[in-house]
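Input: a single structure, listed below in structure tokens.
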There are 2 protein chains.
Amino acid sequence: MSDSGARMSPRFKQWTAESHVSVSIKGKEPARQPSRKRQRVPSAASLNRRLRNSERKRAVILEAALATFSKYGLHGASIEQIALQADVSKTNLFYYFNNKEELYVSVLRSLLDLWLKPLRSFTEDQDPVEAIRDYLRVKLEFSRDHPEESRLFCMEVMQGAPLILTELQQPLHDLVENKIAVIQAWIDQGKLTAIEPYHLIFSLWATTQHYADFRVQVEAVAGKTLDDPDFFQETLSSLETIILNGVTPRPIG
Amino acid sequence: MSDSGARMSPRFKQWTAESHVSVSIKGKEPARQPSRKRQRVPSAASLNRRLRNSERKRAVILEAALATFSKYGLHGASIEQIALQADVSKTNLFYYFNNKEELYVSVLRSLLDLWLKPLRSFTEDQDPVEAIRDYLRVKLEFSRDHPEESRLFCMEVMQGAPLILTELQQPLHDLVENKIAVIQAWIDQGKLTAIEPYHLIFSLWATTQHYADFRVQVEAVAGKTLDDPDFFQETLSSLETIILNGVTPRPIG
DNA sequence: AAATTTTCAGACCGTTTGGTCTGCTTTAGA
DNA sequence: TCTAAAGCAGACCAAACGGTCTGAAAATTT
């Protein structure tokens, strides 16, 4: 067992270190600080160029990883497959990500915000009907434009999100709690039928997600793709009809 | 490369061969027919005993496989894990199932009917409100009582059902087509709001399935389990409210 | 141009894992 | 009781795979 750890350029890493809380997963980073005397200070320009290149390559790898993981799952996808798809060597991939799990988690993490975004837009001062309409549209767009992301997240959460639990748990919990309060306020104001708010959230979530996760099945049954604007609109309208009329209090009762 | 193939008792297999169309996945079955002269004909009694034992063991293995596959996926689960959980040796497992994929497909196949069952109950002569209520209840019960089955199927279908496509496609297609007709009839009779029937099917499907697939998340958010009868009822009522009132035409319009 | 650091590829390694081979034990028909 | 098949376990194998080591080409600094 050598103490060298990953061989990734230790100095450079200081500069590229992303804003995420921790880059290293279990502290196996090289840690070997460059001796301070006679230090090289790269020019800002070259540094930027490097950083851009590096980031670009990371992005390419992440993209390939997303595609492959979402298709075959964490265990079903092999590093070589991903490297091949990203058009880099396996070694090169390991140069940017210390191990498979880190790569996987990186993909997930890079998606988290995007994934939670639609729900964030709910605010109490909105008209609930409009808010729900917006949510359905945005989420359905997400299902259309990012089915891989949807599926990957779905698979992970289905298994109890073993790898990003710590990072997902808190924000998700807070967000849901917040939105439950918003919905409850709407209900209290008589703007929505009285139901348990989280069931509404689940329903919104589930129905829209369905069109990404079961895309092939939907396409097989309906004979159309979400990419078809007409079908997209039809889907959206249907969901609005089903859900909105359900939670909208009727004038008559 | 030997031509012996799997070593599973060739004669016995003839008797145990299940009613499913094909047992062999890619014709690598031993096929070596026992010579007909001096044939042993086991008594019906002993045969039955054997068959029962055999079936029981198969069932035990299938159950363990279901649990493990649903937790870790096809690739994430190892045969040894499954064997361990079923309390049989790996060799013994391979005695009953020729390979991992066959085991996996067997699990899936044994679930197919159960899985499609709730939707089958839709018939045109029913009252749609009652039919949908029933569906929601039965499917939610399934989510409560068989979350593993739900998840396994979900994962498989999400990936395009690569392994059971041929077996799933046709029955699913027929079933959905049939139910679309039923729903359309209801709509034509003015018993339901006019929507594209398959969107209703998807919504029913998605919302109920959600409580199985995202069980941990649901429990985290709601703080309760479907096993809690109160929560089950609450969930059911909420879904009824959301969906039924959406598809039920209003007296006033 | 020299020196140093970053980037990257090919060969290699240890482990895991699906699957097999050999042969022993049990069951049950004759 | 003898024999043949069914049932089963331990050792074993080959391939796949995650990951490392060596070292060399680019890039950058001095």
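In this text the structure is predicted, and so the values were computed from the model without any measurement. Values reported hereafter were calculated over all heavy atoms of this structure, with side chains retained and with hydrogens, waters and symmetry mates removed. Lettering of chains follows the sequences in order, A, B, ..., and the numbering in each one begins at 1.
- In this structure, the side-chain hydrogen bond (donor to acceptor under 3.5 Å, both in side chains) partners of B:Asp174, at least two apart in sequence or on a different chain, are B:Gln170.
- For B:Tyr96, taking side-chain heavy atoms from C-beta onward, the closest of the listed nucleotides D:dG18, D:dG7, C:dG18 is D:dG7.
- Rounded to an integer number of Å, the gap from CG of A:Leu93 to P of D:dG19 is 10 Å.
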At a cut-off of 3.5 Å, list every protein nitrogen or oxygen paired with a nitrogen or oxygen from nucleotides 10-13 of chain D, distance to 0.1 Å.
unit_1, atom_1, unit_2, atom_2, d
D:dG10, N7, B:Thr91, OG1, 3.4
D:dG10, O6, B:Thr91, OG1, 2.9

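- Under the ring-ring contact (aromatic ring centres under 6.0 Å, His included) criterion, A:Tyr135 pairs with A:Phe122, not counting sequence neighbours.
- Partners of A:Phe231 under the ring-ring contact (aromatic ring centres under 6.0 Å, His included) rule, at least two apart in sequence or in another chain, are B:His199.
- Of the listed nucleotides (C:dG18, C:dC8, D:dT20), C:dG18 has the atom at the smallest distance from the side chain of B:Lys100.
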Atom pairs and distances, side-chain donor-acceptor, residues 80-94 of chain A, under 3.5 Å, sequence neighbours left out:
unit_1, atom_1, unit_2, atom_2, d
A:Gln81, OE1, A:Ser78, N, 3.0
A:Ser89, OG, A:Asn92, N, 3.0

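- Not counting sequence neighbours, the partners of B:Glu219 by the side-chain hydrogen bond (donor to acceptor under 3.5 Å, both in side chains) test are B:Arg215.
- For A:Tyr95, a side-chain nitrogen or oxygen approaches OP1 or OP2 of C:dT7 to under 4.0 Å.
- Atom pair A:Phe97:CZ and D:dT20:P shows a separation of 15 Å (rounding to whole Å applied).
- Between B:Asn92 atom CG and D:dA9 atom C1' there is a gap of 8 Å when expressed in whole angstrom units.
- Position along DNA chain D of the nearest nucleotide to A:Glu80 versus B:Val88 favours B:Val88 as the more 5'-ward residue.
- The stretch residues 64-77 of chain B touches DNA chain C through B:Ala77, each having a heavy atom within less than 4.0 Å of the strand.
- Between the CG atom of B:Asn53 and the C1' atom of C:dA28 there is a distance of 13 Å, given to the nearest Å.
- For B:Arg144, the side-chain hydrogen bond (donor to acceptor under 3.5 Å, both in side chains) test picks out no residue, with sequence neighbours left out.
- Between B:Leu112 and B:Phe153 there is a side-chain heavy-atom pair separated by less than 4.5 Å.
- The B:Phe94 side chain lies nearest to C:dG18 when the options are C:dG18, D:dG19, D:dA6.
- Ring geometry for A:Tyr198 against A:Phe202 counts as tilted: the plane angle lies between 30° and 60°, on a 0 to 90° scale.
- Look at CD on A:Glu55: it is 16 Å from P on C:dT6, rounded to the nearest Å.
- The CD-C1' distance, from B:Glu101 to C:dT17, rounds to 16 Å in whole Å.
- Of the listed nucleotides (C:dT7, D:dG18, D:dC8), D:dG18 has the atom at the smallest distance from the side chain of A:Ser78.
- Distances from the side chain of A:Asn99 to the nucleotides D:dC8, D:dG19, C:dC8 place D:dG19 closest.
- A:Asn98 places its CG atom 8 Å from the P atom of D:dT20, with the value rounded to the nearest Å.
- Atom CD of B:Gln81 is separated from atom P of C:dG19 by 15 Å (rounded to the nearest Å).
- A heavy-atom distance below 4.5 Å is not found between the side chains of B:Met155 and B:Phe69.
- Residue pairs meeting the side-chain hydrogen bond (donor to acceptor under 3.5 Å, both in side chains) criterion with at least one member in residues 151-161 of chain B, sequence neighbours excluded: B:Tyr104-B:Glu156.
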